[in-house]
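Right, one structure below, let's go through it.
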Protein chains: 2
Amino acid sequence: MPEEPTQAHRFDLARKARSTSLLEDYVELIADLAAATGEARATDIAKRLGVTHPTAIKAIGRLKAAGLATSRPYRGVFLTDAGLELAKKTKARHRLVVDVLIAIGVPTESAEADGEGIEHHVSEATLRAFARFMRNRA
Amino acid sequence: MPEEPTQAHRFDLARKARSTSLLEDYVELIADLAAATGEARATDIAKRLGVTHPTAIKAIGRLKAAGLATSRPYRGVFLTDAGLELAKKTKARHRLVVDVLIAIGVPTESAEADGEGIEHHVSEATLRAFARFMRNRA
DNA sequence: ACCCTAATGTAGCCCATGCTACATTCGATG
DNA sequence: CATCGAATGTAGCATGGGCTACATTAGGGT
């Protein structure tokens, strides 16, 4: 039943995407912070995401459980190789999605805002089509 | 603080969209079933969404709490005026999103699948841009 | 060297969204 | 018209992802 394009299957994919989107957001942000300031602190992560710090810390716990990050008490958060990999992919997808929205004529601010949610639902096939679209336009 | 395009604010919008997306899915589906078969039964809803029936029934309870639907024990589910309104808007948005994806070159099946998740994150401004895009192309 | 602040961590709560297992009710059919 | 299967409803559990309130630790400034 790998290829079963029923409506139920589509909703299933959407649910899966929703559940991974949080982790992707965190990983992407941690990579950004690490690149910008050398380290990713829980408080900064929380501030950037607009959540309280316990929420961020709990999420970081889930990242660790998922093998995407490591952290020692009272130290910052660091991505594992798997985390870095995911961050790279997520970041590239994010950029491409926003670029396509802008190319279509979506105002920049809307593209940035909506892209934050949309990116997590873009499959590989759609991503390839996006890349093709950007390549082929004037 | 209505106009504050910070990253935190964008994540906030994405979270809000995630929390409403479930209700939108249900309302849209109920409208479809009602149009197709004359009534929306909990079991059919569950089957179409790919969840178990208690899950669907609980969600229907939330729909009722939100004033989007009504139902009496052992009868089908019916949308309120507000529910119909939301269903109409959601359905139109869904179509437009899928159409734009296809126009960009996304394979139909991917467009249908990804659209299911993407639609909930498309703002009014982006929607308008999408409509403009579809109008202006060859 | 101490202490104060800010960062980090913990505990405990809430709600949404899924599930399984069990109970009830409807309605079709023998 | 009685019964049995399917639909509906209920109970109870888990997890994710928020929160507030409180505890602990790190580290810079006097």
Side-chain angles (χ1 to χ4, degrees), chain A residues 8-30 33-34 37-78 116-117 120, chain B residues 8-30 33-34 37-78 116-117 120:
Chain A
H9 179 244
R10 287 199 280 266
F11 280 119
D12 218 69
L13 291 178
R15 269 191 294 274
K16 215 154 291 171
R18 263 205 318 269
S19 77
T20 55
S21 61
L22 245 268
L23 296 193
E24 289 177 352
D25 283 343
Y26 273 89
V27 162
E28 192 180 348
L29 180 52
I30 290 169
L33 287 172
T37 72
E39 71 169 343
R41 289 152 71 244
T43 303
D44 295 337
I45 295 170
K47 205 163 294 173
R48 290 274 219 110
L49 287 172
V51 298
T52 58
H53 82 267
T55 297
I57 287 175
K58 241 194 242 184
I60 290 167
R62 285 193 292 273
L63 286 187
K64 290 175 29 174
L68 296 171
T70 60
S71 77
R72 292 194 328 285
Y74 295 95
R75 290 286 115 96
V77 184
F78 300 92
E116 204 62 70
H120 304 291
Chain B
H9 179 244
R10 287 200 280 267
F11 281 118
D12 219 69
L13 291 179
R15 271 191 293 273
K16 215 154 291 170
R18 263 205 318 270
S19 76
T20 53
S21 60
L22 245 265
L23 297 192
E24 289 177 352
D25 283 344
Y26 274 90
V27 162
E28 192 179 348
L29 179 52
I30 290 169
L33 288 171
T37 72
E39 72 169 343
R41 289 153 70 245
T43 303
D44 294 337
I45 295 171
K47 206 164 295 175
R48 289 275 219 109
L49 287 172
V51 298
T52 58
H53 83 268
T55 297
I57 287 176
K58 244 193 244 185
I60 290 167
R62 285 193 292 272
L63 285 187
K64 289 173 31 171
L68 296 171
T70 60
S71 76
R72 293 194 327 286
Y74 295 96
R75 289 288 113 95
V77 184
F78 300 93
E116 204 61 70
H120 304 292

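Here the structure is a predicted model, which means the values were calculated and not measured. Per chain, numbering begins at 1; letters A, B, ... match sequence-line order.
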Next on the checklist: Checking contacts here: which listed nucleotide (C/dC19, D/dG9, C/dT10) is nearest the side-chain heavy atoms of B/Ile57?
Outcome noted: D/dG9
Item to check | Phosphate OP1/OP2 of D/dA6: any B/Thr43 side-chain N/O under 4.0 Å | outcome: no
Item to check | Rounded interatomic separation in angstrom, taking NZ from A/Lys47 and P from C/dA6 | outcome: 10 Å
Next on the checklist: Does D/dG18 have its OP1 or OP2 closer than 4.0 Å to a side-chain nitrogen or oxygen of B/Arg18?
Outcome noted: yes
Item to check | Side-chain (B/Thr37) to main-chain (B/Ala34) donor-acceptor, under 3.5 angstrom | outcome: no
Checklist outcome for this item: Assign each of A/His53 and A/Arg15 the nucleotide of DNA chain C bearing its closest heavy atom; nearer the 5' end lies the nucleotide of A/His53
Next on the checklist: Taking the minimum atom-to-atom distance to the side chain of A/Arg75, which one of D/dG27, C/dG18, C/dG9 wins?
Outcome noted: D/dG27
Item to check | Nearest-angstrom distance from the residue atom CD of A/Glu39 to P of C/dT8 | outcome: 8 Å
Item to check | Minimum-distance nucleotide to B/Pro54 side chain [options: D/dG18, C/dC19, D/dT20] | outcome: C/dC19
Checklist entry - At their closest point, which heavy atom of B/Leu49 faces which heavy atom of A/Arg15, and how far apart are they? => result O-NH2, 2.9 Å
Checklist outcome for this item: Separation of D/dG18 atom P from A/Leu23 atom CG, nearest Å, is 11 Å
Checklist entry - Checking B/Thr55 side chain against B/Val51 main chain: does a donor-acceptor pair fall under 3.5 Å? => result no
Next on the checklist: I'd like to know if A/Asp12 and A/Lys16 make a salt bridge, using a cut-off of under 4.0 Å between side-chain N and carboxylate O.
Outcome noted: yes
Next on the checklist: In this structure, how many angstroms lie between the C1' atom of C/dA7 and the CD1 atom of A/Ile60, rounded?
Outcome noted: 12 Å
Item to check | A/Thr70-A/Lys64 side chain donor-acceptor pair, cut-off 3.5 Å | outcome: no
Item to check | Integer-rounded Å distance: D/dT8 C1' and B/Lys64 NZ | outcome: 12 Å
Item to check | Candidate nucleotides D/dT20, D/dC13, C/dT8, ranked by approach to the side chain of B/Lys58 - the nearest | outcome: D/dC13
Item to check | Spacing of A/Tyr74 atom OH relative to C/dT10 atom P, expressed in whole Å | outcome: 7 Å
Next on the checklist: Rounding to an integer number of Å, can you tell me how far A/Asp25 CG sits from D/dG16 P?
Outcome noted: 16 Å
Checklist entry - Under 4.0 Å: is that the gap between some side-chain N or O of A/Arg62 and OP1 or OP2 of D/dG16? => result no
Next on the checklist: Counting only side-chain heavy atoms from C-beta out, which of C/dT10, D/dA26, D/dA7 sits nearest to B/Arg41?
Outcome noted: D/dA7
Checklist entry - Which nucleotide sits closest to the side chain of B/Thr55: D/dG9, D/dC19, C/dC19? => result C/dC19
Checklist entry - In whole Å, what is the span from the NZ atom of B/Lys16 to the C1' atom of C/dC15? => result 16 Å
